Each structure stands twice: as C-alpha cells, then as structure tokens.
Amino acid sequence: MHIPDGFLDPVTAGVTYLVSIAYAVYAFRRLRAEKGRVELVTPLAAGIFAAQMLNWPLPGGTSLHFVGGALSGILLGPWLGFLPMFLVLLVQCLLFHDGGITALGANLLNMAIIDVLIGYAVYKLAPQRYKVFGAFLGGWLGITLAGLACGVEIGVSSQLPYGLAVTVPVMAGWHAALGVVEGAITSAVVSYISRRAPHLVEGGGREAA
Amino acid sequence: MKLRKAYLVVALLLAASPLFLVLSDMVGYHEPLDLAAELLGLKDASEEVNWTPFFDYTVPGLPPALGYVVAGAVGTALVVILSKVLQRMVK
C-alpha cells in the first residue's frame, strides 16, 4: 500500500501532506499528556517494522504484508498510535525508498491516521465480551478503508479519465479480501496482550488522557 | 509483560524475513497497488530518482537474502533510535 513517487500529482501530494502534518502536530502535542505510555511506542514500532518485512505469498501471484495501523491504534489510542506508524513509514521512505517522499503525506494519512483511527474506534465500540472480534473487525476495516483512501488518492491524481472507477474497486476490493489476514493477526496479538497485560491495551476501555 | 520479550519477537521476525522474501518471489511479489497502477499505466519513479542507501531493502555487495536481514536490522535500529530521541524530547 506504500504509494511510490510518480503516482500522485502535486495537488494531491500537497493536500495529503497538509492533513498529515496537522494530525502529526496535534499527536506530538498530546505526547506529554500520555507520557506514561510513550515507552510502548519503541517496541511496537520495531515490531511493526519487522512484521512488515514478512511478505506472505498468496495463491494467484499476490503477496501481502501486515500493516499494523489498527494494532497501533488499539494498543496506544488514536494519537499515540500515530507515532509507531510515523516512525516506520519515515524510515521505510528515507532508508529503503519504500513509499515515495512525495507520497509520504498520503502514506501517513492512509496507514498512520485512517488505519489507526478506524482500528481504535471499532475496537473501542465493541462490547467487552466481543473485544477479540472487535480487534479482528478493526484490523479488517482499518486496512480496507486505508486501501480505499489510497485508491481515491491515486484515482483523483491520475491524468487518465475514470481513474477512480479503476483504482477504488481494485484497492478497496483487494484490501477487503487481504484484510482478513490483517484482522486475524491484529486480533491474535490483541488477544494475547489483553490476557498477559490488559493495561497495555488503550482501546480496552480506558480513555486517552 | 516484559518489553524484552517484545524485542525477542522482533529479532525472530527479522531472522525469518529472508524465508518470506524467497516465498513471495516465487509467486511474483506484487500488491493491489501494483495492479491498480498497471491498469492506469502509472509509472513508479522510485528507481529513477532514488537517493536511499538501501533501495528496496537491498545492501550493495550482499546477496539478496542476507541483504534483506541486514537492511531489516538497520531499519529496526533506526526506528528504535528515532523513537528514543522522540521520547527524550518529550521529557
């Protein structure tokens, strides 16, 4: 889902940069308020970075990797959850050119904002006895809507007519299918952490500071 | 839960990553974004304007599988360092 250089026109790239910068500024300001949980950012960011390196092969010639935005949102909340994804996407862009520098704003918007917010919101809204399913649903919906947003960004920035008619179904459809794996991994990790250290799960009921 | 255990999991994931590189190469790695780009005729400009030291998780001079692990370790280390710097800024 990492949009490379050359896919976005300057307007789309600029608008997505502005949205991501505004969110980042607010998230960084919230850091002091959530001081006690900041130490969790490092292991989670390292874990998501490493997990994204595992490309799972699928029948039919497609591969996927875990994204982790919903997991980050569920564990750290909507603001602090932005940070691990920000660090991962920044390093991937600047060190490995995985995601273009002109598309960093869009990639942050999709994976560090939309995926994080959706994952957090769905998990938070899930009834206590269905939290594991809530984590699955959050992971699935987060990646599906992030894929849809990615499709919109590429579709509107393309110079070709009917770009949206191609990109939105392809991106949303594929990510809705592949998102089942994202949901399953998110659910498994959240379930494990909820049993071993429930205080680490932000979306489990405790409000963000 | 000890955070040390989390870092052990990270190390295990990195150690296993070359296996997934080989497996995904066998099926021809491409993501949904590649499919959409192909349908629209969009061109990835990354290789033409690359400035990154480890393009596409490769390390110059190393075989792809070993380079992938080294790139992963370097990337993880940088993520950890940046995160620690960020935390110091907050304190």
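Note that the coordinates shown come from a computational prediction; the quantities given were computed from them, not determined experimentally. Residue numbers begin at 1 in each chain, while the letters A, B, ... track the order of the sequences.
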| Among all residues two or more places apart in sequence or in another chain, which pass the side-chain contact (heavy atoms from CB on, under 4.5 Å) test with B/L12? | none
| Passes side chain to side chain contact (heavy atoms under 4.5 Å, CB included), B/Y57 versus A/D98? Steps please. | CA-CA 8 Å; B/Y57 303 91; A/D98 189 8; 2.7 Å; yes
| Checking heavy atoms, do the side chain of A/F28, its backbone, both or neither come under 4.5 Å from chain B? | side chain
| Closest approach of B/P32 to A/L178 (non-hydrogen atoms, all atoms of both residues) | CG-CD1, 3.6 Å
| task | Just give me the residue among A/I101, A/L90, A/I48 that pairs up with chain B most often, heavy atom to heavy atom, under 4.5 Å. | result | A/I101
| query | Is it the side chain or the backbone of A/V41 that comes within 4.5 Å of chain B heavy atoms, both, or neither? | reply | both
| request: Among the options A/V91, A/V170, A/T42, pick out the one with the most heavy-atom pairs lying under 4.5 Å from chain B. | output: A/T42
| task | For each of B/N50, B/D56, B/L82, tally heavy-atom pairs with chain A at distances under 4.5 Å, and name the one with the top tally. | result | B/N50
| task | Can you see which heavy atom on A/A45 is nearest to which on B/V79, and at what distance? | result | CB-CG1, 3.5 Å
| note | Correct closest heavy-atom pair for B/D44 and A/F7 would be N-CE1, 3.6 Å
| Does the B/Y7 side chain pair with the main chain of A/G47, one donor and one acceptor, at a distance under 3.5 Å? | no
| field | From OG (A/S157) to CG (B/L40), nearest 0.5 Å | value | 9.0 Å
| query | Should the ring pair A/H97 and B/F55 be called parallel, tilted or perpendicular, given that the plane angle runs from 0 to 90° and is split at 30 and 60? | reply | perpendicular
| task | Count the heavy-atom pairs under 4.5 Å between each of A/D5, A/L87, A/N55, A/L44 and chain B, then report the option with the highest count. | result | A/N55
| Does the pair B/L39 and A/V166 meet the rule for a side chain to side chain contact (heavy atoms under 4.5 Å, CB included), with working shown? | CA-CA 7 Å; B/L39 288 169; A/V166 171; 3.7 Å; yes
| message | What verdict does the side chain to side chain contact (heavy atoms under 4.5 Å, CB included) test give for B/Y68 and A/M53, after you've listed the backbone C-alpha separation in whole Å, the side-chain angles of each residue and the deciding distance to 0.1 Å? | response | CA-CA 9 Å; B/Y68 201 64; A/M53 293 199 67; 3.6 Å; yes
| request: Dump the intermediate steps for side chain to side chain contact (heavy atoms under 4.5 Å, CB included) on A/E39 and B/K84, then the final yes or no. | output: CA-CA 8 Å; A/E39 63 177 33; B/K84 296 284 184 195; over 6 Å; no
| request: With the side chain counted from C-beta on, respond yes when B/T52 and A/F96 share a heavy-atom pair under 4.5 Å apart, and no when they do not. | output: no
| query | A/A50 and B/L13: which non-hydrogen atoms are nearest, and at how many Å? | reply | CB-CB, 3.9 Å
| remark: When the 4.5 angstrom heavy-atom criterion is applied to B/V9 and chain A, the contacting part is neither
| message | Can you give me the closest heavy-atom contact between B/L33 and A/P4, atom names plus distance? | response | CD2-CD, 4.0 Å
| remark: Heavy-atom closest pair (B/V80 atom, A/A46 atom, distance to 0.1 Å) is CG2-CB, 4.1 Å
| request: Go through the atoms of A/H2 and report whether side chain, backbone, both or neither lie under 4.5 Å from a heavy atom of chain B. | output: backbone
| Most contacts with chain B, counted as non-hydrogen pairs under 4.5 angstrom, among A/V88, A/L94, A/L40, A/T167 | A/L94
| Which one, B/A11, B/A36, B/A77, B/G75, leads in non-hydrogen pairs under 4.5 Å with chain A? | B/G75
